Every structure is written in structure tokens, then in C-alpha cells.
Amino acid sequence: MAIRTIVALLLALAICATLAPAHADPIAPGAVRVVDGDTIAVGAVRYRLVGFDTPEKGARARCRAERTLAARATRKLRRIVSGGGLDLSAVPCSCRPGTAGTRACNFARPCGVLTADGRDVGITLIAAGLARPYPFDWRHRPAPAHWCGR
């Protein structure tokens, strides 16, 4: 495994350990709709999965390569979800104080951690090269990803 991949996985594990909620709720695969690589819906509620970021799809993608990677990340997350063993935990979003629940904070989506068989799905997507660690904090926003190359 390349050093860069190992470092990314260790960073993701550290991020997820700090976000790990005390209680996760089991959820059936059929109750989860995958919106994209880092967003799911359970019923009418869309969750922004935290600790990682995937490429943008559709009009938000900056190039064809990004759209292709976004589609791959979405398909991978669908496969993970269909395998079951899911737990979803709502966690506080790291947004500017006073913006929780508004469009200024994750487009009014709550934040969550989704695990499959005890493993954070973000770590799986990062290991597959379909996501990057994203330690978002409103005070220290990570640089935009370069999914289109340099």
C-alpha cells in the first residue's frame, strides 16, 4: 500500500474516532437511499456523511473525470449499503455557530456517521480512491479537491 494511502487512512481513522458517537442506531438497507457518495436519505431526511468528501456529480462537477468518479463513489456506497450491517449516528455538524439546521450549514442537512459491519463507510471509500479525508471545521475549511487533475 502506498505511503500516501496509508497516511490518508490513518487520518480518516483519527477523524472518525473524534466524531464517533456514543450510540448508533441500526438501520435496514432498504431504509437508506444513496443520494451521492457522501449523502444518504432516510425517509425524508438527508444526511451529510462526515469525515470524508467525494467528487461532485452533475452540474456541480468541474469536469468529466469528476463526474465519472462521483458515479463510481455513488455506486460503491450503494453496494456497501445493500450489504447491510448498517448503523447510522447523527453527529453535530461543524458549522458556524447559529447556522445549524439552515442552508448555511450543509444545505440544512443534519450530519451523520454511517458504518457497515462496524466500519465507517468513508474509510472504505477513501481506501478505494473514491473519497478523500475531509476534516471539515468552519474555522479551517480544507482546500477544494482536485478531482480533475492539476
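Since the model is a prediction, treat every value here as computed from it, not as a measurement.
Remark: Asp38 CG to Phe52 CZ distance equals 5.5 Å, nearest 0.5 Å. For the atom pair Arg62 CZ and His146 NE2, the distance stands at 8.0 Å (nearest 0.5 Å). Taken from CH2 in Trp147 to CZ in Arg132, the straight-line distance is 6.5 Å, to the nearest 0.5 Å. The CG atom of Leu69 sits 12.0 Å away from the CD atom of Glu56 when rounded to the nearest 0.5 Å. Expressed to the nearest 0.5 Å, how far CZ of Arg79 lies from OG1 of Thr74 amounts to 10.5 Å. Here CG of Leu86 is found 5.5 Å from CG of Leu114. Values are rounded to the nearest 0.5 Å.
Side-chain atoms of Thr115 and Asp120 include no donor-acceptor pair closer than 3.5 Å.
Taking a cutoff of 4.0 Å between a charged side-chain nitrogen and a carboxylate oxygen, Arg48 and Asp53 qualify as a salt bridge.
Ala70 and Pro55 get closest at one heavy-atom pair: CB-O, 3.5 Å. Nearest heavy-atom pair across Leu125 and Gly37 is CD1-O, 3.5 Å. Contact record, Pro29 with Gly84: CG-CA, 3.5 Å, taken as the closest heavy-atom pair. Contact between Cys111 and Val50 at its shortest, heavy atoms only, is CB-CG1, 3.5 Å. Pairing each heavy atom of Val34 with each of Arg78, the nearest pair is O-NH2, 3.3 Å. When all heavy atoms of Cys93 and Arg109 are compared, the pair lying nearest together is SG-O, 3.8 Å.
Side-chain contact between Leu49 and Thr39 is absent, with no heavy atoms from C-beta onward closer than 4.5 Å. Side-chain contact between Leu77 and Ile40 is present, with at least one heavy-atom pair separated by less than 4.5 Å.
Note: the hydrophobic cluster containing Ile27 also contains Val45 (ILVMFWY, side chain heavy atoms under 4.5 Å, direct or indirect links). Residues Tyr134 and Val35 do not share a hydrophobic cluster, defined by chaining ILVMFWY side chains whose heavy atoms lie under 4.5 Å apart.
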Candidate pair Arg33 and Arg46, rule side-chain contact (heavy atoms from CB on, under 4.5 Å), full reasoning: CA-CA 9 Å; Arg33 183 173 57 85; Arg46 284 186 179 203; 4.0 Å; yes
